[in-house]
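Input: a single structure, listed below in structure tokens.
Computed from heavy atoms alone, side chains included, the values below leave out hydrogens, waters and symmetry copies.
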Amino acid sequence: MEAKCSAADLVQELKDWCRREELDDAHSLMVLISEDVANAQIEEALGTIKALGRVRVRGRTVSLRLDSHRVLCECKETVDPSKVPPDLLPEGQTKKWMIVIASESPAPPSPLKSLPGDLPEGGSAESIIRAVGDLLDKMGKPSGENSSYRRLRVFSGTLPTPVGEESLEHWLEHARLMVEESECSTKEKRRRIMESLKGPALAVVKAVRTTDPEVSPALCLEAIESAFGSAETGEDLYFAFRLLQQQPKEKLSDFLRRVELSLTRVVRRGGLPTGRADRARVEQLLRGAVHSDMMLVQLKLRERKENPPSFLTLLSEIRSEEEYESSRMRLNTSVQRVHTNPATDSRQDDVERLRTEIQELKSMFTALSTLPSQVVADSKGPVSRTKMPTPKTGGDSEVAVLRKQVKNLQKDNVGRTRPGKKGERKT
């Protein structure tokens, strides 16, 4: 399958593919395989070539004309032609995989080895000078220029922020980090910024470059912030910073992060000197943390205003204190669950007392219902059943019936025990 396409065509295809995917061709290669293989298998097989470092699949395509699968891979290390084989036979495969790289292998007779003797056959002083210049140029490039990097996310300046794009604040934060920390050249930083812009934001930077083609990356970021950011001055931002207050249920650490974000804008716009930032941070924390008075006392921030801690130190102290408070609350909750609730005990006692009283009432009703038959058994004379009305199941309640029975019994007892004339007996 390789014979139908020249090596130069494959190299050019790889370079074009890298350009479309915005990959560095010095850290990329293309693999030609005859059948569909999982990405994980491809990465594992290429990982056996130690000179490539970690390998990740970045794209795949199928060529029907050549009946082959082409896989674009990105490598952690720079692809060295002298250390990468032209093909690879992975374990479990029957056909070799062709490896295409963008860099060309160095010519065996190096011009430098011919110095200071005779010039190589077919060579000239001009070609030697050019070769030496290219070598020195490569040696003089910073190591970070060709290294892989995490690209900035897209920013267009459109509101509301479209899906897949970054907001202004987040994009500026990442872009400033890249400009300040990356070791690549100014030209490379400017390229990274422009490749992440589109629409109105890209038009702004293009207009700046029209005036100054070599504009610095920092000025590009300032132009973006001026065009799409807030128009507030440093003084306005400082006043807004002094009005910040802790929200209900907002943790002190979260409030500190809000304070720091606002303070950074103030310093960047010139509303406050950098040397006073630590003191201003502590002062605003004491003024605005209205829901964390006890924690501020524990941290002794009022006593430390003259020698204020840095943001990271203060954040670490606050988070440690919050963790301690959280652990203590969890412990108190556990202890409360173990102890019995007095209110629950009181309600339980009331229920038990009511149950006892109900049982006593039931016993009393039972005794009253059996009392008539006992009285009849104890009396010497017959007792008229007409004096003891039968309990009704209809209109009268059981309590009313019991009351009537008790009243009748009392009358009978009085009649039998009342003293009469001598020799007479009460019937």
Side-chain angles (χ1 to χ4, degrees), residues 149-153 155 161 164-183 196 218 221 225 229-230 232 234-339:
Y149 63 92
R150 183 178 180 182
R151 293 187 294 123
L152 297 173
R153 296 190 64 180
F155 174 72
T161 304
E165 294 189 11
E166 198 72 276
S167 64
L168 175 63
E169 293 296 333
H170 290 167
W171 184 86
L172 283 175
E173 182 180 355
H174 295 159
R176 288 194 181 99
L177 184 63
M178 183 273 295
V179 171
E180 295 170 0
E181 301 297 333
S182 177
E183 297 179 356
S196 68
L221 299 184
E225 187 174 15
S230 173
E232 294 175 307
E235 185 178 359
D236 295 334
L237 293 173
Y238 180 76
F239 286 141
F241 166 74
R242 284 302 188 184
L243 294 176
L244 290 176
Q245 277 199 342
Q246 184 183 15
Q247 300 297 324
K249 297 184 179 181
E250 182 182 24
K251 295 196 299 185
L252 186 59
S253 58
D254 294 335
F255 177 59
L256 175 61
R257 294 187 183 96
R258 285 204 297 125
V259 168
E260 184 64 20
L261 183 62
S262 178
L263 181 60
T264 302
R265 296 195 193 102
V266 172
V267 174
R268 187 179 296 124
R269 289 292 184 93
L272 187 72
T274 306
R276 294 180 55 190
D278 289 343
R279 183 183 177 93
R281 183 187 303 110
V282 172
E283 290 177 348
Q284 188 55 34
L285 207 63
L286 292 170
R287 176 183 302 177
V290 293
H291 301 287
S292 302
D293 294 335
M294 292 303 300
M295 190 171 293
L296 295 177
V297 172
Q298 294 291 337
L299 295 171
K300 299 181 179 180
L301 288 185
R302 296 188 184 279
E303 293 83 352
R304 301 164 65 186
K305 285 197 328 183
E306 299 302 325
N307 187 22
S310 65
F311 167 70
L312 293 179
T313 301
L314 187 55
L315 179 62
S316 177
E317 293 178 0
I318 291 176
R319 294 194 63 186
S320 298
E321 191 67 24
E322 287 176 344
E323 182 62 28
Y324 172 74
E325 291 290 340
S326 178
S327 301
R328 190 169 61 181
M329 290 180 63
R330 287 196 297 266
L331 180 61
N332 292 339
T333 303
S334 301
V335 172
Q336 289 176 2
R337 288 176 180 174
V338 172
H339 290 298

Original post:
Would you say the side-chain atoms of Gln284 pair up with the backbone N or O of Leu244, donor to acceptor, closer than 3.5 Å?
Top reply: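 Here the side-chain-to-backbone pair exists.
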
**OP:** Answer yes or no: is there a donor N or O on one side and an acceptor on the other, between the side chain of Ser320 and the main chain of Ser316, under 3.5 Å?
**Re:**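 It does hold such a pair.
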
On a heavy-atom basis, which atom in [X] and which in [Y] lie closest, and how many Å separate them?
X      : Y      : answer
Glu166 : Trp171 : CG-N, 3.5 Å
Gly234 : Val266 : O-CG1, 4.3 Å
Leu299 : Ile318 : CD1-CG1, 3.6 Å
Val282 : Pro308 : CG2-CB, 3.7 Å
Gln247 : His291 : O-CD2, 3.6 Å
Gln246 : Ser292 : NE2-OG, 3.0 Å

Distance check, rounded to the nearest 0.5 Å: [X] atom [atom1] versus [Y] atom [atom2]?
X      : Y      : atom1 : atom2 : answer
Leu272 : Leu237 : CG    : CG    : 11.5 Å
Leu314 : Arg304 : CG    : CZ    : 7.0 Å
Arg302 : Leu286 : CZ    : CG    : 5.0 Å
Lys251 : Ser326 : NZ    : OG    : 8.0 Å
Asp254 : Leu315 : CG    : CG    : 9.5 Å

Subject >> Over 12 non-hydrogen atoms of neighbours within 6.0 angstrom of CZ in Arg257 >> reply: yes

Original post:
So with a 6.0 Å cut-off around CD of Glu235, is the heavy-atom count from everything else above 12?
Top reply: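 Not more than 12 within 6.0 Å, no.
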
**OP:** Go through Phe311 and Val259 one step at a time and tell me if the side chain to side chain contact (heavy atoms under 4.5 Å, CB included) criterion holds.
**Re:** CA-CA 10 Å; Phe311 167 70; Val259 168; over 6 Å; no

Subject >> Non-hydrogen side-chain atoms of Arg258 and Glu250 separated by less than 4.5 Å >> reply: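 Result yes, sub-4.5 Å side-chain heavy-atom pair found.
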
Taking side-chain hydrogen bond (donor to acceptor under 3.5 Å, both in side chains) as the definition, give me every residue that meets it alongside [X], ordered by chain and number, with sequence neighbours left out.
X      : value
Ser262 : none
Arg319 : none
Ser327 : Arg330

**OP:** Please lay out, stage by stage, how Arg153 and His170 fare under the test side chain to side chain contact (heavy atoms under 4.5 Å, CB included).
**Re:** CA-CA 9 Å; Arg153 296 190 64 180; His170 290 167; over 6 Å; no

**OP:** For side chain to side chain contact (heavy atoms under 4.5 Å, CB included), just list the numbers for Leu285 and Phe255, CA-CA rounded to whole Å, side-chain angles, deciding distance to a tenth of an Å, and then say yes or no.
**Re:** CA-CA 8 Å; Leu285 207 63; Phe255 177 59; 3.7 Å; yes

**OP:** Take Arg265 and Glu169 through the test salt bridge (charged side-chain N to carboxylate O under 4.0 Å, His left out) and record every step on the way to the result.
**Re:** CA-CA 10 Å; Arg265 296 195 193 102; Glu169 293 296 333; 3.7 Å; yes

**OP:** Can you run down the salt bridge (charged side-chain N to carboxylate O under 4.0 Å, His left out) pairs that involve residues 281-295, sequence neighbours left out, and say none if there aren't any?
**Re:**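 Residue pairs passing salt bridge (charged side-chain N to carboxylate O under 4.0 Å, His left out), neighbours aside: Arg242-Glu283, Glu260-Arg281, Asp278-Arg281, Arg279-Glu283.
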
Subject >> Residues which pass ring pair (Phe, Tyr, Trp, His ring centres under 6.0 Å) with Phe241, listed by chain and number, not counting sequence neighbours >> reply: none

**OP:** Tell me, with the steps shown, if Glu225 and Arg268 meet side chain to side chain contact (heavy atoms under 4.5 Å, CB included).
**Re:** CA-CA 11 Å; Glu225 187 174 15; Arg268 187 179 296 124; 4.0 Å; yes

**OP:** For Tyr324, check side chain to side chain contact (heavy atoms under 4.5 Å, CB included) against everything at least two apart and list the hits.
**Re:**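 Once residues adjacent in sequence are excluded, the partners of Tyr324 under the side chain to side chain contact (heavy atoms under 4.5 Å, CB included) criterion are Glu321, Arg328.
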
